[in-house]
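Down below is the structure, laid out as structure tokens.
Note that ligands are numbered from 1 as they come in the structure, with each ligand's atoms numbered from 1 the same way. All values derive from a computational prediction rather than experimental measurement.
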Amino acid sequence: MFSSASTTLVALLPLLASIPSIFALDESSARSASVYQLVTDRFARNSSVTSTCTASERKYCGGTWSAISDKLDYIQGMGFDTVWISPVVSNIGGTTGEGEAYHGYWTLDPNTLNSNYGSADDLKTLSTNLHSKGMYLMVDVVINHVAATSSSTFQPDSAYGPFSTSDDYHPFCWITDYTNQTQVEDCWLGDSSVALPDLNTDSTTVSSYWNNWIQELVSNYTLDAIRIDTVKHVPKTFWPNFVSSANVFNQGEVLNGDATYVGAYQSDGKVNPFNYPAYYPLTRAFNQTSGDLSELIAMTQTIKSSFSDPTLLGNFLNNHDNARFESTVTDASLIKNAHAYPFVTDGIPYGYYGSEAGFTGGNDPDNREPLWTSNYDTTSNMYKFFTSLNMARKAAGNASTSFYTSQMNVSSLSSSSILINKTPLISVLSNSGSSASDASVTIPSSSSGWSANVAIVDSLSCEVLTTDGSGNLAVTVKTGLPRVFIQNSIKGQVCTGSAATNTSTSSGSSGSSSGAITLKMDVKASWMIGAVGAVLGGMMMAL
Ligand code: ABC
Ligand code: CA
């Protein structure tokens, strides 16, 4: 039997869920987030579904929001605290020349949810479950277009919910020249198999609808952040009102490698872009042992001068649109160096599901493999590697209040290695590859700021080194592995627990990863749970 107090409490829960400000990420709190990107249809499904999922077939495979809910420990155990899920709205049904809308980007009606992924309650439960673990929910939103199977027969009607008349759309034309911004904004994405009718975002009917829609979506599902699709296909003038209506942190896709071009969306559009400008030089730096590190170093400089705030960029190596790095690079050390970069650099790190499982899928659709085939192994080398990277980042942020907001310095250390100085995290990334013989480099005290004779731990191998009498650190790069250093006195949970067995003060320790450790809830998360209790208590008092 419920007592009357607990009955009141249960009755108040929906009210409580409608207070987004307690949980949502803003620009300041997002800097310390670490995001796990998943494709909802492919991340997890109910165990009773056993059909074979073949990515190349481009069909729904059965992944759901409630199955994500069951796997939050798997994500949190790797140190990620934010989950980016695929678009949630209803999509065109049936099959097309490019398969089914399993990825969620082929919007039909933004007023309804995609029932393939579950119910509204399932999505709300996912949000609640994340929050109760001190985690955050980021939802992907598509504003630029809807979808249709043909450009010539497309007739807006009530199936498209709010966008049922031709005034809601730009007249048909394909985008054929991505350097022509008018085309990029006004013409249609897609092709003859699946056309993406371009919404007339200049119309106040359309823009007002979207501004209300995002406000309601955030509030109905207590979202903490949004990922915005196809940002460069909508005029910059549209975005400031939209992102202020969302009133949560945003990360937006401006798919272009030119930092100046992308930077304008942050300064004028108030959208925080994914770091595509760094993505291309990053892959070229580490995709072969003769990769170009100077291009990456130069880009870090260009980024500083092109973005109003580089510390809010979204850094990634893999995602659902590009061939996985591992589809062309097989050297384990090159793979680790490239994956380390987003975690030790300015901005917010993104890990793409399946990287921890060693997936090697190439271009879309092959990079959207089902994760269940991996059995969600938390003991794999790469799962532990991501855990270590997240722990290093968290330790640096806990030790220094300016870690997330101050900008890094990147310089050349040798022909095959670079130094990334993001105090107090100091990393050496190399592209010498796993067959390389040991190489010695020195991190000068003038760069690290380390004093004489202090212990420095490599978060990845757990090897402990000591600076010399001048504060310089002699580092041996072994088998081309990355090194992510932090002063031992502020290492927090880095290399503790089962990982401590790897700790060695000799230089002979190999670069094995630290053990999987479930990260303790951070201070902010426990504060928030306290805040929920306080609000609940206040409400009870008021009754
Ligand atoms: C479907 C098939 C694919 C097929 C494709 C042609 O059509 O499934 O197999 O290859 C969704 C689905 C996709 C689907 C598309 C189209 O819809 O996920 O599977 O592909 O039906 C976003 C999302 C993406 C989503 C959509 C649509 C948009 O992240 O998942 O796709 O809602 C453009 C857009 C970008 C979009 C991307 C897929 O296409 O701008 O928003 N992504 C150049 C252009 C870019 C262009 C890119 C495409 O090519 O400038 O605008 O992206 O590859 C750099 C340059 C860049 C250049 C790159 C390639 O090189 O600086 O400018 O990008 O150096
Ligand atoms: Ca457009």
Side-chain angles (χ1 to χ4, degrees), residues 37 39-42 55-59 84 86-87 89 91-92 95-108 140-149 151 163 168-203 206-207 210 227-239 251-262 265 271 273-284 295 299 314 316 318-323 350 352 361-368:
Q37 180 198 354
V39 173
T40 301
D41 184 60
R42 303 296 164 82
S56 61
E57 290 179 358
R58 301 170 154 134
K59 288 183 178 155
W84 157 15
S86 311
V89 302
N91 272 219
I92 58 170
T95 194
T96 73
E98 280 153 10
E100 299 174 350
Y102 71 91
H103 43 69
Y105 289 95
W106 292 343
T107 303
L108 181 62
D140 205 325
V141 297
V142 183
I143 300 308
N144 177 63
H145 52 262
V146 295
T149 45
S151 56
F163 306 125
D168 298 326
Y169 298 87
H170 286 135
F172 167 71
C173 49
W174 291 125
I175 299 174
T176 52
D177 177 5
Y178 280 98
T179 64
N180 177 337
Q181 188 62 23
T182 308
Q183 252 192 42
V184 165
E185 290 177 5
D186 294 350
C187 291
W188 297 17
L189 282 162
D191 53 32
S192 56
S193 298
V194 179
L196 303 178
D198 199 71
L199 286 163
N200 179 9
T201 42
D202 306 313
S203 134
V206 172
S207 61
W210 278 133
R227 180 268 184 186
I228 312 176
D229 190 62
T230 34
V231 168
K232 73 178 194 184
H233 298 281
V234 175
K236 288 184 198 80
T237 49
F238 171 90
W239 294 115
Q251 201 90 70
E253 180 217 23
V254 182
L255 208 171
N256 193 297
D258 180 352
T260 308
Y261 178 89
V262 180
Y265 286 86
V271 170
F274 281 95
N275 203 344
Y276 267 105
Y279 168 73
Y280 297 106
L282 168 63
T283 55
R284 287 192 285 264
E295 188 200 5
M299 180 52 82
F316 62 96
N318 287 333
N319 67 20
H320 63 307
D321 284 337
N322 296 284
Y350 283 72
Y352 181 52
N363 283 313
D364 164 16
D366 298 333
N367 54 0
R368 299 158 181 196

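For the residue pair H233 / E185, no side-chain donor-acceptor distance below 3.5 Å is found, with atom types taken as modelled. At a cut-off of 3.5 Å, with distance as the only test, a side-chain donor of N319 or Y276 sits close to an acceptor on the other residue. Of the N and O atoms on the side chains of Y102 and E57, not one donor lies less than 3.5 Å from an acceptor on the other residue.
Not a single heavy atom of D258 sits closer than 4.0 Å to an atom of ligand 1. Using a non-hydrogen distance threshold of 4.0 Å, W106 registers as a contact of ligand 1.
Ring pair Y279/F316: centre-to-centre distance below 6.0 Å.
When distances to the Ca ion (ligand 2) are checked against a cut-off of 3.0 Å, H233 contributes an N, O or S atom below that limit. At a threshold of 3.0 Å, the Ca ion (ligand 2) has no backbone or side-chain N, O or S atom of D186 nearer than that distance.
Checking H103, E253, H320, R368 against atom 35 (C) of ligand 1, the nearest heavy atom belongs to E253.
If you look at Y178 next to ligand 1, the close heavy atoms, those under 4.0 Å, all belong to the side chain. Of all the heavy atoms of D229, the ones lying under 4.0 Å from any atom of ligand 1 belong exclusively to the side chain.
Of all protein heavy atoms, the one lying nearest to atom 30 (O) of ligand 1 is D321 OD1, 2.6 Å. Regarding atom 6 (C) of ligand 1, its nearest protein heavy-atom neighbour is D191 OD2, 4.1 Å.
Put simply, the side chain of N91 gets close to the backbone of W106: a donor and an acceptor are under 3.5 Å apart. Side chain of N367 to backbone of G361: no donor-acceptor contact under 3.5 angstrom is found.
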